[in-house]
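See structure below.
All values below come from the heavy atoms of this structure, side chains included, with hydrogens, waters and symmetry mates left out. Keep in mind that what you see is a predicted model, and the values were worked out from it rather than measured.
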Amino acid sequence: MMCGVSYNALESIMSCLSVPYICQSAFYKLNRLNLYPVIVKNWRVVRDSALKSFAGKTVNVSGDGHYDSPGWSAKFCSYSIMDINSGAILDFFVSQRGMYKGDLETAACKDVLSNLKERGLQIKNLVTDENTKVAKMVRDFFPTIGHNYDVWHKARLLKKKLTAIAKKLPKIEDFVTPIVNHFWYAAKECNGNPKTLIEIFHSCLLHLINEHSWDCDPY
């Protein structure tokens, strides 16, 4: 039960091994009365300890939602918030279709941010995937929190835009992948400094015209 596998999967394995196994109702009863309370108790201890360690500090966090099934048929969305520096999960929230109107991920993100704010956590920046609804929600309800897309999604967006331009200007096509790779390099080497990131990324324009040394960012 502690492995998180469903009853049907475990029952199939036990049947293949010819090992007697408990019935489905007993399986879920044991989970509900014994396993889940222990998990919840320990999670709250870990979460409260993590939040206590950030008391009086501003943190940069990342967030992402996970659906129980792909596509538009999902019933549940679990949204987790993680401290970027330590990798600690600070909190999560599960939203269910029917509880909210609109996007489940946006609703779950809003609730988990509200919970963290009520607990006194001072969030400076939030990094998420390329979800415009989440971005709008953060602007509307958490104006003091800076919001950015993560590097992977920014790189994908950059490639998408360059590919669209390349359809009109075919000569650009050969440079799409090198420019995107250079963006990744700039993100890695900037040490979190946005000005340095921009300067390194702009340097690709000079490299493209065979200029490999300069005094300052010309752009």
Side-chain angles (χ1 to χ4, degrees), residues 4 39-40 42-71 74-97 99-100 102-161 180-198 200-201:
I39 293 174
V40 171
N42 281 275
W43 154 245
R44 287 175 176 170
V45 170
V46 172
R47 179 195 61 187
D48 293 344
S49 176
L51 292 177
K52 187 177 180 179
S53 67
F54 292 112
K57 303 177 183 177
T58 57
V59 296
N60 297 311
V61 300
S62 59
D64 195 17
H66 304 274
Y67 291 91
D68 62 319
S69 60
K75 185 177 181 181
F76 298 99
C77 176
S78 173
Y79 201 92
S80 304
I81 294 290
M82 181 186 77
D83 173 57
I84 293 177
N85 293 326
S86 66
I89 299 297
L90 302 179
D91 207 353
F92 72 94
F93 187 86
V94 180
S95 60
Q96 180 178 352
R97 188 167 299 282
M99 293 173 58
Y100 307 92
D103 184 50
L104 285 180
E105 183 174 355
T106 303
C109 179
K110 180 182 176 183
D111 278 349
V112 73
L113 288 176
S114 297
N115 291 340
L116 290 172
K117 185 176 180 180
E118 289 176 2
R119 289 176 171 272
L121 188 68
Q122 301 176 35
I123 300 176
K124 183 178 181 181
N125 293 296
L126 169 66
V127 178
T128 67
D129 58 9
E130 192 184 338
N131 189 324
T132 56
K133 294 179 181 178
V134 169
K136 183 178 185 304
M137 180 275 296
V138 173
R139 289 196 304 270
D140 292 343
F141 294 95
F142 305 95
T144 60
I145 298 178
H147 178 261
N148 286 285
Y149 297 139
D150 65 73
V151 176
W152 186 88
H153 283 86
K154 280 187 175 290
R156 188 179 71 166
L157 183 61
L158 175 62
K159 184 176 182 179
K160 183 179 179 180
K161 290 184 176 180
V180 173
N181 289 341
H182 191 78
F183 173 76
W184 277 102
Y185 171 78
K188 179 182 178 181
E189 297 297 324
C190 71
N191 293 321
N193 188 320
K195 292 183 178 180
T196 303
L197 185 149
I198 293 172
I200 295 175
F201 181 62

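Looking at heavy atoms from C-beta onward, Val61 lies out of side-chain contact with Phe54 at the 4.5 angstrom threshold. Between Asp103 and Met137 there is no side-chain heavy-atom pair separated by less than 4.5 Å. At a threshold of 4.5 Å between non-hydrogen side-chain atoms, the residues Thr106 and Asn131 count as touching.
Residues forming a side chain to side chain contact (heavy atoms under 4.5 Å, CB included) with Thr58 (at least two apart in sequence, or on another chain): Gln122, Lys124. For Glu130, the salt bridge (Lys or Arg N to Asp or Glu O under 4.0 Å) test picks out Arg156, with sequence neighbours left out. A search for side-chain hydrogen bond (donor to acceptor under 3.5 Å, both in side chains) contacts involving Lys160 returns nothing, not counting sequence neighbours. Contacts of Lys161 classified as salt bridge (Lys or Arg N to Asp or Glu O under 4.0 Å), with partners at least two apart in sequence or in another chain: none. Residues meeting the side chain to side chain contact (heavy atoms under 4.5 Å, CB included) test with Lys75, sequence neighbours left out: Asp68, Gln96. Remark: Phe142 pairs with no residue by the ring-ring contact (aromatic ring centres under 6.0 Å, His included) rule, at least two apart or across chains. With sequence neighbours excluded, the residues that form a side-chain hydrogen bond (donor to acceptor under 3.5 Å, both in side chains) with Asn125 are Asn60.
Residues Leu126 and Ser62 approach most closely at CD1-C, 4.1 Å, considering heavy atoms. The minimum heavy-atom distance between Cys77 and Gly65, with the atom names listed, is SG-CA, 4.2 Å. When all heavy atoms of Ala50 and Leu90 are compared, the closest pair comes out as CB-CD2, 4.2 Å.
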Quiz: residues 147-154 side-chain donor-acceptor pairs under 3.5 angstrom, not counting sequence neighbours:
residue : atom : partner : partner atom : Å
His147  : NE2  : Thr128  : OG1          : 2.7
Asp150  : OD1  : Trp152  : N            : 3.0
Asp150  : OD1  : His153  : N            : 2.9
Asp150  : OD1  : His153  : ND1          : 3.1
Asp150  : OD2  : His153  : ND1          : 2.8

With a cut-off of 3.5 Å and sequence neighbours excluded, list every side-chain donor-acceptor pair involving residues 78-85.
residue : atom : partner : partner atom : Å
Tyr79   : OH   : Gly63   : O            : 3.4
Asp83   : OD2  : Ser86   : N            : 2.8
Asp83   : OD2  : Ser86   : OG           : 2.6

Please set out all donor-acceptor pairs under 3.5 angstrom arising from side-chain atoms of residues 110-121, sequence neighbours excluded.
residue : atom : partner : partner atom : Å
Asp111  : OD2  : Tyr100  : OH           : 2.3
Ser114  : OG   : Lys110  : O            : 2.8
Asn115  : ND2  : Asp111  : O            : 3.3
Arg119  : NH1  : Asp48   : OD1          : 3.4

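The salt bridge (Lys or Arg N to Asp or Glu O under 4.0 Å) analysis of residues 84-93, with sequence neighbours excluded, yields the pairs Arg47-Asp91. Screening residues 49-63 for salt bridge (Lys or Arg N to Asp or Glu O under 4.0 Å), with sequence neighbours left out, gives no hits.
Interatomic distance, NZ of Lys195 versus SG of Cys190, reported as 13.5 Å (0.5 Å rounding).
Using modelled atom types, one side-chain atom of His182 and one backbone atom of Ile200 make a donor-acceptor pair closer than 3.5 Å. Judged by distance alone, with hydrogens and angles left aside, the side-chain atoms of Arg97 form a donor-acceptor pair with the main-chain N or O of Ala74 at under 3.5 Å.
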